Structure formats: structure tokens, C-alpha cells
Amino acid sequence: MKKLLLLVLAVALAGGAYAQKIVGLSSKARSGEASANLTYVNAVKKAGGVPIVIPMTTDDRQIDAILNVIDALIMTGGEDINPLKYFNEEPHPNLGDVVPERDAFDIKLIRKAVEKGIPVLGICRGVQVMNVAFGGTLYQDIPTQVPTYGIQHSQNAPGSMGTHTITIDKNSVLYKQVGKEKIAVNSFHHQAVKDVAPGFKVTAKSNDGVIEAIESISNPKVWGVQFHPEHLVNGEEKDHFIGIFKALME
Ligand code: MN
């Protein structure tokens with residue numbers, strides 16, 4: 001009898017805290033597809049949410065309709081952002097693939113989501129899009145542009161493995177979720193936030209000064225990380241990283 005009561009209580013609590021929250025995933029720009037990596041899908045599921053992939057569009061009414069359905073948004077990783085169009089810089093020789101349709105979709109989607117008060121988590125390209133959408137700039141190529149560059153940000157190790165340390169500001173959403181001031185994260189990027197967008201602050205850095213997380217000062221539900229927590233939730237420190245996704249459901 002006691003066991004049954006405990007079970008009922010546990011189910012009720014789990015249902016109440018994370019009741020069917022729908023988390024939209026921005027899709028990638030592969031030709032002929034509207035897809036997102038399964039790692040994002042699984043991380044949202046693991047945190048108790050319902051993931052849905054949002055196909056690319058710049059149609060205002062379609063984006064508004066989608067935002068009426070989702071409870072939170074993850075801006076996923078991917079290609080480089082057009083520097084000339086979005087932060088008025090000539091393209092660096094090492095600039096990677098740029099996909100104009102995805103840039104336009106991502107920028108519109110994130111601005112509208114924030115305006116509507118929807119929680120947004122930016123991951124990798126997603127945090128870069130977040131910064132640029134609200135007036136910040138990027139390093140187009142860390143190795144040649146970051147003066148203090150000195151550690152590997154494009155790891156060859158598996159994604160679930162943290163390879164470089166970040167130091168997290170104790171007064172941040174990221175610290176609240178991860179619960180550690182120093183932790184090893186994975187790293188798959190050659191670009192990073194340079195000038196932080198007005199209204200945002202830096203909440204984590206790697207040891208060579210590269211910005212690894214930012215958050216909105218006025219809205220703690222809008223934040224982003226340069227690393228990939230969707231992989232780290234399968235690694236050694238998984239219990240520290242799952243909170244990043246659970247935060248979307250709070
Ligand atoms: Mn890194």
C-alpha cells in the first residue's frame with residue numbers, strides 16, 4: 001500500500017513539473033530535409049519535454065503559429081552566419097558554409113520567440129545567432145582572431161566527452177543548472193561571441209578567454225552555450241548537464 005502511494009505521488013509530481021511541455025528545435029539546412037540531430041531530440045525527451053522540429057520558413061504567420069504551440073525553443077548548432085549581412089564585417093578567409101535561408105529563419109524565429117516571452121536556449125550556432133540577432137558580433141575564426149587563443153576548440157574526441165574547462169559565473173542561470181564553477185565541456189566550434197549584444201552578459205569562459213555562455217540580463221529564460229550539452233547528457237558528468245534542458249520546462 002505504501003509503495004503504491006509513493007508511486008502515485010511520484011507520477012503526480014513528475015506530471016505536474018514537466019507536463020507535456022513542447023520544445024521546438026530549429027531545423028538544419030540540409031537540402032531536401034527539415035531535420036534536427038537526434039541528440040537534441042533525445043536530450044529534450046530525457047528532460048521530460050516533447051521535442052518538435054520546426055521547418056525553415058520566414059513567413060511571419062507560420063512562425064507566429066508555431067510559437068503559439070511551443071513552450072520553449074532550442075536554437076540548434078550548424079553553419080556559420082553571414083558576417084556582412086548580420087554584423088557588418090567582411091568574410092574572413094576561414095569562414096565556413098553560410099546558408100542564407102537558415103540565417104533569415106533563425107534570426108526571425110529567435111527575435112519573435114523572445115518578444116513573445118518564450119524561453120530560448122541557444123546551442124553552438126544557436127548562441128551565436130542569439131548574440132547577432134540582438135546586436136552583438138562574432139569572432140569569425142577563433143585560431144586567427146582571438147588574441148589569447150591557446151586551447152583546442154575543435155575536438156576530435158567523442159561529443160559526450162568534455163575536453164576543455166570552462167569557468168562559470170556563479171550569478172548565472174548556467175551555474176544554477178550545472179551546479180559547478182568549473183567543468184569540462186565538449187568543443188566543436190571555430191567561431192565564438194566577440195562583442196556581447198546589448199542587454200546580455202557573459203556567464204562562462206574557457207581558459208583562453210573564449211566566451212562559452214551568455215544570458216539576457218533582463219530575461220534569465222534567454223541564454224545560450226557554445227558547447228553541446230545535448231551530447232554531454234550522455235557523458236560522465238551527465239547529471240550536471242541535464243539541468244540545462246530541464247530549465248526549459250520550468
Ligand atoms: Mn570551446
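For ligands, and for the atoms within them, numbers begin at 1 and follow the listed sequence. Everything quoted here is computed from the prediction, not taken from an experiment.
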- prompt: Does a donor on one side chain sit under 3.5 Å from an acceptor on the other, for Lys205 and Thr167?
  reply: no
- request: Sequence neighbours left out, what pairs pass ring-ring contact (aromatic ring centres under 6.0 Å, His included) with at least one residue falling in residues 115-170?
  value: Phe134-Phe200, His153-His164, His153-His189
- request: Measure the acute angle between the ring planes of His228 and Phe188, then classify it against the limits of 30° and 60° as parallel, tilted or perpendicular.
  value: perpendicular
query: side-chain hydrogen bond (donor to acceptor under 3.5 Å, both in side chains) with Asn68: which residues, sequence neighbours excluded?
result: Lys116
- request: Decide, yes or no, whether a salt bridge links Lys108 with Asp59 under the criterion of side-chain N to carboxylate O below 4.0 Å.
  value: no
- request: Report, as a single number, the protein N, O or S atoms less than 2.8 Å from the Mn ion (ligand 1).
  value: 5
field: Pairs where residues 88-124 contributes a residue and the test ring-ring contact (aromatic ring centres under 6.0 Å, His included) is met, not counting sequence neighbours
entry: none
